[in-house]
Amino acid sequence: MYRTHTCGELRKEHLGKSVTLAGWVQGIRDLGNLVFIDLRDRYGMTQLFFDKSSPLAERAKQLGREYVLQVTGFVRERSSKNPQLETGDVEMLVEKLTVLNESKTPPFTIEDVTDGGDDLRMKYRYLDLRRAVVSKNLLHRHRVAQSVREYMDGQGFADVETPFLIKSTPEGARDFVVPSRLNQGQFYALPQSPQTFKQLLMVGGFDRYYQITRCFRDEDLRADRQPEFTQIDCEMAFVEQEDVLQMFEGMVKHVFKKVRGIDLKDFPRMSYTDCLKYYGNDKPDLRFEMRLVELNNLVGGKSFKAFDEAEYVVGIVAENCSEYTRKQTDELTDWVKRPQIGSNGLVFIRCGADGSYKSSVDKYYSADDLKKIAEHCKAQVGDLILILSGGLAKTRRAAGELRLEMGTRLGLRNVEDYKPLWVLDFPLLEWDEEDKRWNAMHHPFTSWKKEDNELINTNPGAVRANAYDVVINGVELSSGSIRIHNRAQQEKMFSLLGLTEEQANYKFGFILNAFEYGAPPHGGIAFGFDRFCSIVISNLDYIRDFIAFPKNNSGRDMMLDAPSDIDARLKKELGL
RNA sequence: GGUCUGGUAGUUUAGUUGGUUAGAAUGCUGCCCUGUCACGGCGGAGGUCGUGGGUUCGAGUCCCAUCCAGACCGCCA
């Protein structure tokens, strides 16, 4: 071993001992006759001391940042201590110094507050990983994974690996494909998730399975989306929806307790329909209320065209904002008019401190009209009501976005606060306007509610799935369902999705066949592990900080400069 | 596929209506400094202003194209 202790380990109890440390030079403070070096590793930092009586002092001055050192010396008490450092009471009087490796001056400072921009830090990710603020996230990720495994193992789940080279199924996200050399002109696909395999494991009798595994989707990226990401993939046989909900609510609670020491209360539940109605999306942030209030019945017939002609008029109440300036309201109007939101405008009603109501549409609405609206919205004195109008789906979405924006502006999205939620009763299908056909909202293996059996043929869009999501603070953490487990029902589903019998057999024959050999009732769930980590650890939805080597906005690895062209010879072998 | 923001020393950035030698901080470097820990003090080096074209007497600044990065919409069964 190169060391007897780590750089974060030495304390007063080690005083007088001869120890050996190995690590990186964080910085050198040369005071002329005194030289201090901060030696860093992932456990912490220890101060090395040299004075002019030391034959090593001159060498110490010649070292540079990020040189790798091995030092041996005595631990001694500092004459001026640093309470901000764990090892701040002691320092090492160095007697032997070995340079294990030199370093070029790094392109950015390797400190908690770095001067490096994102590009540069991605290109030199291995240097960025030396920063405690970065490595801390990955070490926490490890803790999350460990506590997941601890819970799953405790509940009798077996970790089974599933293949990465599988068959392309053009349903859903785009597949990453891998050309086959042995089967020229044919391709494997990388799994978007282990969905069909875990169901086959259920048929195979592994009634409790889980896996922390990589998934691949060739879609555009976001702050919370990577082309390869990790799922906690879980499946159980002989269970109903309630069993799955209990089991995995337990897992989330376990992880929060183990990693953060936080006791989450029982998760409330809300239907998909109510989520849209009250929050404008299917993953509401419940850290604050500010519910959407439908105003259609109160605003019509006053000759205000924007409201009279709208399919949907909706208000939200921003508490204590009645004194917003014209500049602030204009800014919000511009915000909702951005193409990403796409509203035509925003109407304001101020609930004045004197009990008066003033709006940007006073021309059409009397004080009494405004009062009725305010009362319907349960607005108090000093509040500001923001009203949007237009088509139902678009306006709901816009109102939901505006609600989140106001929540952010008013500081209502507290990072200390966790508000989990089960979202239930998703629709089984959604209409694809582009392809003029039904798509599975969750995936094509999702079962539907028995009560809705009749609707399957008469009104497929109204059929409710046995599907459920865990949402925390507006982030969709996981998604699952009770699956179909017999051939006839699965064939029915495929036909609803517009697959012919031949297509269904070609793409999914293996699972249809499996269902004919005693497939047990089963269901499960999959958690986005990267998101889970970012929420548990930092309560943000930015997953790149929790991935050791992430890809950038356009799916490039900036360190490797991948993807890249490949050898002409390799192409030929692959028949490309 | 679309919308928006940004690109100026190694790095992070300022740069007014288009006008003299593009400024700062940090990093690097030389000297001084016996208790620093974001050490301090004095000095020094370091810039094809992303790239290409255009307008102009004159472009970091205005226009067009393009590349790169970031955020978002579409997309993500």
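Chain naming here is simple, since letters A, B, ... match the order of the sequence lines and numbering starts at 1 in each. Please read these numbers as outputs of a predicted model, since none were measured by experiment.
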Ignoring hydrogens and geometry beyond distance, is the side chain of A/Arg76 in donor-acceptor contact with the base of B/G35 at under 3.5 Å?
yes
Aromatic plane relationship, A/Phe248 with A/Phe527 - under 30° parallel, 30 to 60° tilted, over 60° perpendicular
tilted
Toward the 5' end of RNA chain B, by each residue's nearest nucleotide, A/Arg65 or A/Lys52:
A/Arg65
Using a cut-off of 4.0 Å on non-hydrogen atoms, how would the nucleic acid contact of A/Ser554 be classed: base, sugar-phosphate, or nothing?
sugar-phosphate
From CZ of A/Phe36 over to C1' of B/U36, roughly how many Å is that when rounded to an integer?
4 Å
Given A/Glu491, A/Gln490, A/Gln489, the one that forms side-chain hydrogen bond (donor to acceptor under 3.5 Å, both in side chains) with A/Arg487
A/Glu491
Scan for salt bridge (charged side-chain N to carboxylate O under 4.0 Å, His left out) pairs involving residues 65-79 of chain A, sequence neighbours excluded, and state none if there are none.
A/Lys12-A/Glu77, A/Arg40-A/Glu66, A/Glu66-A/Arg130, A/Arg76-A/Glu91, A/Glu77-A/Lys81
Rounded to whole angstroms, how far apart are CD on A/Gln226 and C1' on B/C75?
16 Å
What string of B, S and - do you get for nucleotides 39-48 of chain B, 5' to 3', if B is base contact, S is sugar-phosphate-only contact and - is no contact with any protein heavy atom under 4.0 Å?
B---------
Of the residues in residues 393-412 of chain A, which ones touch RNA chain B at a heavy-atom distance under 4.0 Å?
none
Touch class at under 4.0 angstrom, heavy-atom based, for A/Pro339 against every strand present
sugar-phosphate
According to the 5.5 Å centroid and 30° plane-angle thresholds, does A/Phe108 stack upon the nucleobase of B/G27?
no
Is the shortest side-chain N to carboxylate O distance from A/Arg531 to A/Asp224 below 4.0 Å?
yes
Select base, sugar-phosphate, or nothing to describe what A/Glu91 touches, counting heavy atoms under 4.0 Å on all strands.
base
